[in-house]
Amino acid sequence: MTEVYKLTDKNARTYGGLQWEIGEERTACGEGEMCGPGWLHAYRDPALAVLLNPIHADFMFPRLFRGEGIIGADDGLKIGCTSIVLIEELPVPPVTLAQRVEIAIRCSMRSCSDPAWLSWAENWLAGRDRSERAARAARATSAPRRSPR
């Protein structure tokens with residue numbers, strides 16, 4: 001069993017209505033598409049669970065649990081398990097705007113080759129210049145020009 005993190009709604013139910021209880025094992029067959037009923041979804045990191053909540057389950061008032069699971073699938077964001085037992089409820093960690101911006105910049109850096117933008121990104125990540133002026137200057141020198149409609 002591996003440590004996993006599970007998000008539920010305020011009533012400890014997951015997307016689709018499965019009710020969760022601490023100490024009770026839930027199982028799935030591990031067949032079919034990862035987003036299908038054959039898998040129990042979880043995360044390897046509590047902050048990642050919270051960060052991805054808006055694009056996965058979109059719980060308005062999420063609850064976070066640490067558990068143990070048998071992992072059978074991993075799409076790089078969430079994991080698919082055939083078994084999960086919740087161990088304890090944890091406080092939902094806040095994800096700040098600065099953390100969201102940092103993640104967006106780091107993802108963008110993987111595909112951007114523009115020297116001006118990369119210089120701005122490195123300065124932002126290092127905390128040297130996070131000003132709006134610097135961001136606008138980087139955008140002005142690196143953004144593709146659009147024709148008016």
Side-chain angles (χ1 to χ4, degrees), residues 1-114 117-136 138-139 142-144 146:
M1 301 280 265
T2 302
E3 187 169 83
V4 300
Y5 297 90
K6 182 80 183 151
L7 277 183
T8 71
D9 68 10
K10 65 182 179 181
N11 299 311
R13 290 190 185 101
T14 50
Y15 189 80
L18 182 60
Q19 182 69 52
W20 290 80
E21 301 287 337
I22 291 176
E24 292 185 13
E25 180 181 28
R26 299 289 182 258
T27 61
C29 66
E31 297 176 0
E33 295 293 320
M34 173 100 123
C35 289
W39 297 99
L40 301 170
H41 301 119
Y43 300 87
R44 294 184 186 271
D45 181 87
L48 187 61
V50 175
L51 180 72
L52 295 175
N53 177 44
I55 64 168
H56 286 171
D58 198 23
F59 296 126
M60 184 67 69
F61 301 103
R63 292 172 67 185
L64 176 66
F65 296 88
R66 182 179 67 82
E68 293 183 343
I70 298 173
I71 300 170
D74 186 338
D75 70 6
L77 296 178
K78 65 183 176 290
I79 51 177
C81 298
T82 56
S83 170
I84 296 177
V85 176
L86 301 182
I87 306 297
E88 66 177 330
E89 186 167 1
L90 302 172
V92 175
V95 181
T96 67
L97 178 59
Q99 288 170 316
R100 292 176 190 272
V101 171
E102 178 178 348
I103 290 165
I105 289 170
R106 289 186 187 280
C107 290
S108 298
M109 288 176 80
R110 296 185 63 108
S111 62
C112 180
S113 60
D114 183 270
W117 189 89
L118 288 170
S119 176
W120 167 82
E122 289 167 4
N123 284 330
W124 194 97
L125 292 171
R128 288 189 288 269
D129 191 351
R130 293 186 173 182
S131 69
E132 183 178 343
R133 183 185 56 74
R136 287 185 186 279
R139 181 175 185 236
S142 63
R146 295 183 185 163

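Between atom OG of residue S119 and atom CG of residue D129 there is a gap of 9.5 Å, rounded to the nearest 0.5 Å. Separation of atoms CD1 (I79) and CG (L48) is listed at 10.0 Å; rounding is to 0.5 Å. With values rounded to the nearest 0.5 angstrom, I87 atom CD1 is found 12.0 Å from F65 atom CZ. Here the straight-line distance linking atom NZ of K10 with atom CE of M60 works out to 9.5 Å at 0.5 Å rounding. Atom CG of D9 is separated from atom OG1 of T14 by 8.0 Å, given to the nearest 0.5 angstrom. Atom NZ of K6 is separated from atom NZ of K78 by 10.5 Å, given to the nearest 0.5 angstrom.
With sequence neighbours excluded, the residues that form a side-chain hydrogen bond (donor to acceptor under 3.5 Å, both in side chains) with E24 are R26. Considering only residues two or more places apart in sequence or on other chains, E122 meets the side-chain hydrogen bond (donor to acceptor under 3.5 Å, both in side chains) condition with none of them. Residues forming a side-chain hydrogen bond (donor to acceptor under 3.5 Å, both in side chains) with W117 (at least two apart in sequence, or on another chain): none. Residues passing the side-chain hydrogen bond (donor to acceptor under 3.5 Å, both in side chains) test with E88, sequence neighbours excluded: R66. Legend: residues meeting salt bridge (Lys or Arg N to Asp or Glu O under 4.0 Å) with R13, ordered by chain and number and at least two apart, are absent.
In this structure, L40 and A28 approach most closely via the heavy-atom pair CG-CB, 3.9 Å. The shortest heavy-atom contact between P91 and L64 is O-CD2, 3.8 Å. Taking all atoms of both residues into account, the shortest heavy-atom contact from S83 to E25 is OG-OE2, 2.6 Å. Across V92 and P62, no two heavy atoms sit closer than the pair CG2-O, 3.4 Å. W39 and E33 get closest at one heavy-atom pair: CD1-O, 3.2 Å. Closest of all the heavy-atom pairs between A42 and I84 is CB-CD1, 3.9 Å.
The backbone N or O of A12 sits nowhere less than 3.5 Å from a side-chain atom of E21 that would complete a donor-acceptor pair.
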For residues 49-56, tabulate all N or O donor-acceptor pairs below 3.5 Å that involve a side-chain atom, not counting sequence neighbours.
| unit_1 | atom_1 | unit_2 | atom_2 | d |
| --- | --- | --- | --- | --- |
| N53 | OD1 | D58 | N | 3.1 |
| N53 | OD1 | F59 | N | 2.9 |
| N53 | ND2 | F59 | O | 3.0 |
| H56 | ND1 | Y43 | OH | 2.6 |

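Contact of the E102 side chain with the W124 side chain is registered, since non-hydrogen atoms from C-beta on lie closer than 4.5 Å. Side-chain contact between C81 and I71: present, with at least one pair of heavy atoms (C-beta onward) separated by less than 4.5 Å.
In R130, the CZ atom is crowded: over 12 heavy atoms of neighbouring residues, nucleotides or ligands sit closer than 6.0 Å.
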